[in-house]
Amino acid sequence: EPEVTQTPSHQVTQMGQEVILRCVPISNHLYFYWYRQILGQKVEFLVSFYNNEISEKSEIFDDQFSVERPDGSNFTLKIRSTKLEDSAMYFCASSVALRDTQYFGPGTRLTVL
Amino acid sequence: RKEVEQDPGPFNVPEGATVAFNCTYSNSASQSFFWYRQDCRKEPKLLMSVYSSGNEDGRFTAQLNRASQYISLLIRDSKLSDSATYLCVVNRVDNNNDMRFGAGTRLTVKP
């Protein structure tokens with residue numbers, strides 16, 4: 001069964017450093033998403049991406065965040081200058097169509113020291 | 001009012017019990033509804049979509065009441081493996097890509 005994959009599984013970084021989280025969505029999916037989940041809290045929407053551009057972003061997704069689809073398979077989330085409060089699990093998801101079921105990757109645990 | 005609200009639990013039930021979870025949502029124009037389950041430190045996994053007519057998948061039954069803006073999940077004959085956090089998920093109509101998650105209801109099934 002096809003699945004969303006994410007790398008790395010765990011990223012530790014120093015405050016102020018840039019990080020890039022990587023995702024490979026399911027191959028025939030057209031919509032891509034990033035979510036985050038701070039430990040013990042709910043899953044929060046960050047951004048959605050379709051047709052090589054951001055289609056929607058939340059108030060969390062500020063200028064420190066960016067997304068990119070550099071080739072036909074990868075979908076990345078970059079955080080330019082990490083803050084302590086960016087420590088969370090970051091989930092990538094993809095779906096075939098609008099409002100369709102979203103399938104989640106296993107997540108990247110980001111720890112900012 | 002929160003966009004998606006769930007009773008956080010925890011629900012502690014014996015094996016074989018029937019347990020029901022409720023969820024309310026604030027946007028009356030929302031159109032897509034889902035139940036996901038999340039195991040500790042794992043990704044959310046789709047349990048089932050929720051349709052207006054209600055739907056059943058084995059031991060799981062989901063219901064939608066649009067008038068009351070209320071979604072439910074019923075688990076019959078609960079198993080130890082059902083222990084997880086159950087997430088109610090609703091799409092935002094003003095942005096079709098934007099799914100909003102409830103905080104989840106924690107279920108523990110005990111022998």
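Computed from a predicted model, the values in this text were never measured in an experiment. Every chain is numbered from 1 and lettered A, B, ... according to where its sequence line falls, protein lines coming before strand lines. Side chains included, hydrogens not; waters and symmetry mates left out as well; all remaining heavy atoms used.
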| message | Quick check on E44(A) against chain B: is it the side chain, the backbone, both or neither that has a heavy atom closer than 4.5 Å? | response |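 Neither part.
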| request: Would you mind checking which part of F104(A) comes under 4.5 Å of any heavy atom in chain B, side chain (CB onward), backbone (N, CA, C, O), both or neither? | output: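 Both parts, heavy atoms under 4.5 Å.
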| message | Over 60° means perpendicular and under 30° means parallel, so tell me whether Y31(A) and Y33(A) are parallel, tilted or perpendicular. | response |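 The rings of Y31(A) and Y33(A) lie parallel, inter-plane angle below 30°.
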| For the side chain to side chain contact (heavy atoms under 4.5 Å, CB included) test, which of T108(A), L21(A), V24(A), L77(A) pairs with Q6(A)? |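 When side chain to side chain contact (heavy atoms under 4.5 Å, CB included) is applied between Q6(A) and each of T108(A), L21(A), V24(A), L77(A), only T108(A) qualifies.
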| request: Using a strict 4.0 Å threshold on nitrogen-to-oxygen distance, state whether D77(B) and K79(B) make a salt bridge. | output: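 Here D77(B) pairs with K79(B) in a salt bridge, since their nearest N and O are under 4.0 Å apart.
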| request: Could you tell me if the ring centre of F49(A) sits under 6.0 Å from that of F75(A)? | output: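 That pair passes the under 6.0 Å test.
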| Which residue out of S32(B), P44(B), A103(B) racks up the most heavy-atom pairs below 4.5 Å with chain A? |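 That would be P44(B).
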| query | Picking from S58(A), G107(A), G105(A), which has the most non-hydrogen pairs under 4.5 angstrom with chain B? | reply |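 Heavy-atom pair counts peak at G105(A).
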